[in-house]
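Note sheet for the following structure.
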Amino acid sequence: MKRFPPFHDRYPKEIVDCIDSKGWQTFTGIQEAAITTLPTNPGTALPDAILEAETSSGKTEAVFLPLLAWLSGKRRDDAKGFSLLYISPLRALINDQVGRIGPLAQTIGLDVHRWHSGVGKTEKDRARRQRKGILLTTPESIEGFFLRIAHENPEIEAISKVSAVVIDELHAFFDTARGRHLQSLLHRLDLLAGRKIPRLGLSATLSDIDKVAREVLRPKSDVPIEFLRPQKNARKIKIGLKVFIAPDKEDASTKGKKSSPLPLNDQFAKELMKDFRRDARGLVFCNSRGGVDLLQERASTISESSGLTFEAHHSSIPNSKKELIERKMRNEVPDPPKQMVVICTNTLELGIDIGQVQRVVQIDPTFSVAALRQRVGRSGRRGDQGAEGMIYVGERELTADAHPLDQLRIKTFQAIATTQLSLEGSFEEPNHADLHLSTLYHQVISVLREGRPKTTQQLHQLLVLGGPWHAAPELKDEAFFARFLETMTEMRLSLVERVSDDEWRLSTSEEIPRPAYAVFSTPPEYTVYFNGQPIGHLPMTISYRVGDTFVLANGRWRVLNVSDHNRSLTVAKAASAGAPRYGGAAQTPSGLVAARMRAIYRGEKSYTMERDETAAQMVKDGRKAFKKFGLDKNRFLDHGRDVVLFPWCGSRRAQTLVLLLRREGMKASIENFAIAIEAASANDVKTLLAEIKRQPLPEADELAREARQLQADRFDRYLIPYHQRLAYGRRFLARDGVKELVEELLTADAAAA
DNA sequence: GACCTGCTGCGGGCTG
């Protein structure tokens with residue numbers, strides 16, 4: 001490899017030799033940045049750091065080369081203790097990384113141990129015995145180590161000895177219950193170690209990283225954080241747009257009619273054949289599992305004997321099948337397909353190794369800018385190849401009574417807005433207001449499970465004042481926190497009890513259920529069997545009867561037998577079938593995207609992306625409809641007996657507006673990028689809004705009374721209603737700027753009149 | 001009209 005003096009001159013010979021033998025031409029930008037910046041002399045303390053670069057830009061080596069060089073100079077004694085802790089949000093990523101980190105670590109005599117639920121006993125026993133080297137694991141397994149503390153668990157002790165923690169795919173922990181969980185675990189590890197263990201996060205460029213990642217990596221940090229990013233120019237990204245028109249009704253009566261277009265999935269499948277005709281490997285992202293199954297079925301049928309293979313990859317496909325697909329993509333099977341396209345959900349959004357992909361197609365727009373950027377970024381990664389993405393949008397054939405949202409061609413504008421923002425590098429801001437009370441509940445129990453009773457003050461200091469909940473204003477108040485603990489003793493399932501006035505311990509009076517390791521939960525699933533073999537999973541929240549049909553995992557099936565007790569569905573092949581139903585809630589629009597869509601409708605933002613003729617026509621039509629409805633001036637639209645209101649804001653303010661209207665007796669709900677109000681006129685709504693404007697805004701927890709579903713996270717059901725409403729308000733509502741929004745809605749309309 | 005992620009413990013069957 002080309003000589004890179006900061007590496008070849010400063011790094012230990014064993015490590016240099018190992019890298020030279022890999023046949024790499026040069027280091028990537030992020031690797032050069034890390035090698036130049038991070039200390040290799042154990043006399044210099046390791047900093048907290050964030051390495052920011054795209055998936056598969058060699059971030060793993062970028063962080064491990066300096067860490068291993070640093071460790072090689074450190075005197076090692078015989079005492080048990082791991083050297084490094086690597087944390088990944090995915091088991092699959094750990095399995096990939098063993099192969100990359102293992103040989104590097106071997107050069108300085110360190111073993112690498114995997115530890116997650118898919119790792120066998122033999123391998124875990126080896127890690128348990130050695131308690132040295134590098135441990136690769138998940139947040140939930142770390143929770144497991146903590147939960148076993150009470151039973152004299154030497155592993156957690158050995159983990160607390162590490163010189164640094166590496167967190168892979170740090171962006172996957174932004175703004176989530178799981179992220180807060182990880183912060184708590186790392187904080188508890190620091191306390192156990194009696195020092196601040198350096199944290200190094202690997203992140204994609206998906207937000208204002210300096211601000212966001214700092215808070216995620218180490219809340220309330222008083223030590224500086226190094227930000228490392230490539231010096232070299234970012235590679236080129238191209239995103240194109242194609243729009244397809246769906247027939248008005250996709251049923252038998254329209255089939256064969258000349259004037260009627262083909263069903264959407266047939267059009268998509270044909271286009272995929274064209275777009276991927278020259279590529280060896282491709283990825284297609286859908287917004288739902290059902291969408292993946294249907295499109296894969298159509299594409300497989302249409303492409304038969306063309307040499308192009310289509311595979312389905314989502315969470316309901318068995319792991320063994322998914323792993324086989326990933327191996328085929330990497331050409332690790334005998335006689336791999338020459339041309340292969342995987343149709344997936346966000347299962348392949350994070351950095352699981354799937355080799356080199358030439359092109360990415362997104363079916364219908366994503367709801368966040370970050371998702372689009374991350375997905376397109378999975379293409380053309382080696383060398384200087386730019387990323388190439390294409391969005392296929394399905395719009396509906398317009399009828400005389402078409403809904404305004406269809407006339408506005410909303411999906412086309414959503415696709416353009418997400419593309420523009422993605423290319424500009426503007427991403428959604430995480431919601432820092434989130435209280436994460438469900439996760440707090442989990443961590444109180446986890447801390448108490450360690451054994452000794454704790455006082456209110458101790459718990460408050462550990463989790464709130466000095467810990468990951470430091471930024472929640474309500475919780476800072478010790479009385480509020482004490483009340484939270486007290487409610488935990490009052491619930492039907494009370495896992496906590498008072499020892500004395502001010503001391504708490506894990507309940508002893510009841511049978512304590514098995515500990516929960518994850519802060520999220522998954523609904524129970526049927527396993528679908530064909531000929532005794534599991535072919536996939538379906539959620540039990542949807543009921544099935546004998547004779548029902550569905551498409552799943554590259555086949556059409558008919559239900560032969562349903563067993564709720566065994567959680568199994570037995571199926572036979574069927575001649576035809578529709579998409580499986582998975583259930584779920586509507587997707588929520590982001591304010592960033594909404595505001596940009598409005599600008600494009602108004603012609604304030606041109607769009608320069610590559611598009612087909614239909615897309616160009618859709619933009620013309622959408623803008624024309626926007627004018628026709630007068631939406632350039634006002635925000636209300638009477639549609640039949642209902643009103644459609646266009647706030648052009650993010651989902652939190654929109655949801656606040658919806659609850660305000662419901663509180664006054666209106667049947668309001670969010671519908672795509674608009675608010676639909678049933679059985680009301682624009683004038684009714686305006687009168688109400690004027691009234692709302694005059695009154696003081698209710699508190700968020702008060703408004704939350706109007707919400708249909710208060711429970712969102714795993715342990716919300718164990719919280720008292722007041723805490724549930726508080727958590728709901730902080731997560732889904734925003735009072736800031738709502739008065740201004742109401743004002744804007746009324747003035748815009750007055751100006752128009 | 002949504003997507004994804006994780007854990008243990010136990011028992012049965014197979015291999016050496």
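Both backbone and side-chain heavy atoms feed into the values below; hydrogens, waters and symmetry mates do not. For clarity, every value in this text was computed on a predicted model and none was experimentally measured. Naming convention: chains lettered A, B, ... in sequence-line order (proteins, then strands); numbering from 1 in each chain.
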Whole Å only: how far is the [atom1] atom of [X] from the [atom2] atom of [N]?
X	N	atom1	atom2	answer
A:Glu525	B:dG6	CD	C1'	13 Å
A:Leu90	B:dC7	CG	C1'	15 Å
A:Asn319	B:dG6	CG	C1'	12 Å
A:Arg148	B:dC7	CZ	P	11 Å
A:Leu185	B:dG6	CG	P	15 Å
A:His537	B:dC4	NE2	C1'	15 Å
A:His442	B:dC7	NE2	P	13 Å
A:Asp364	B:dC3	CG	P	13 Å

(Q) At under 4.0 Å between heavy atoms, how does the protein contact nucleotides 10-16 of chain B? Give one character per nucleotide, 5' to 3', with B, S or -. (A) -------
Of the nucleotides [options], which has the atom closest to the [X] side chain?
X	options	value
A:Asn346	B:dC4, B:dT5, B:dT8	B:dC4
A:Ser288	B:dC3, B:dT8, B:dC7	B:dC3
A:Arg91	B:dC3, B:dG6, B:dT8	B:dG6

Looking at residues at least two apart in the chain, or sitting in another chain, which of them share a side-chain contact (heavy atoms from CB on, under 4.5 Å) with [X]?
X	result
A:Glu395	A:Val243, A:Ile245, A:Val393, A:Arg409, A:Lys411, A:Thr412, A:Met618
A:Thr399	A:Asp248, A:Asp401, A:Ala402
A:Ser288	none
A:Arg330	A:Asp96, A:Glu326, A:Arg327, A:Glu332, A:Asp353

Q. Does A:Arg128 pair with A:Glu155 as a salt bridge, N-O distance under 4.0 Å?
A. yes
Q) Does A:Asn672 make a side-chain donor-acceptor contact with the base of B:dG1, cut-off 3.5 Å? A) yes
Q: Would you please determine if the base of B:dT5 is stacked by A:Phe520, with stacking meaning a centroid separation under 5.5 angstrom and planes under 30 degrees?
A: yes
Any side-chain N or O of [X] under 4.0 Å from OP1/OP2 of [N]?
X	N	answer
A:Arg289	B:dC4	yes
A:Ser315	B:dC4	yes
A:Ser141	B:dC7	yes
A:Lys121	B:dG9	no
A:Ser117	B:dG6	no
A:Thr138	B:dC7	yes

Q | salt bridge (charged side-chain N to carboxylate O under 4.0 Å, His left out) contacts touching residues 167-187 of chain A (sequence neighbours left out) | A | A:Glu140-A:Arg178
(Q) Please report whether the ring centroid of A:Phe413 lies less than 6.0 Å from that of A:Phe673. (A) no
Q.
So, applying salt bridge (Lys or Arg N to Asp or Glu O under 4.0 Å) with A:Glu54, which one of A:Arg373, A:Arg375, A:Arg378, A:Lys59 is it?
A. A:Arg373
Q) Which comes earlier along DNA chain B counting from the 5' end, the contact point of A:Arg714 or that of A:Leu405, where each point is its nearest nucleotide? A) A:Leu405
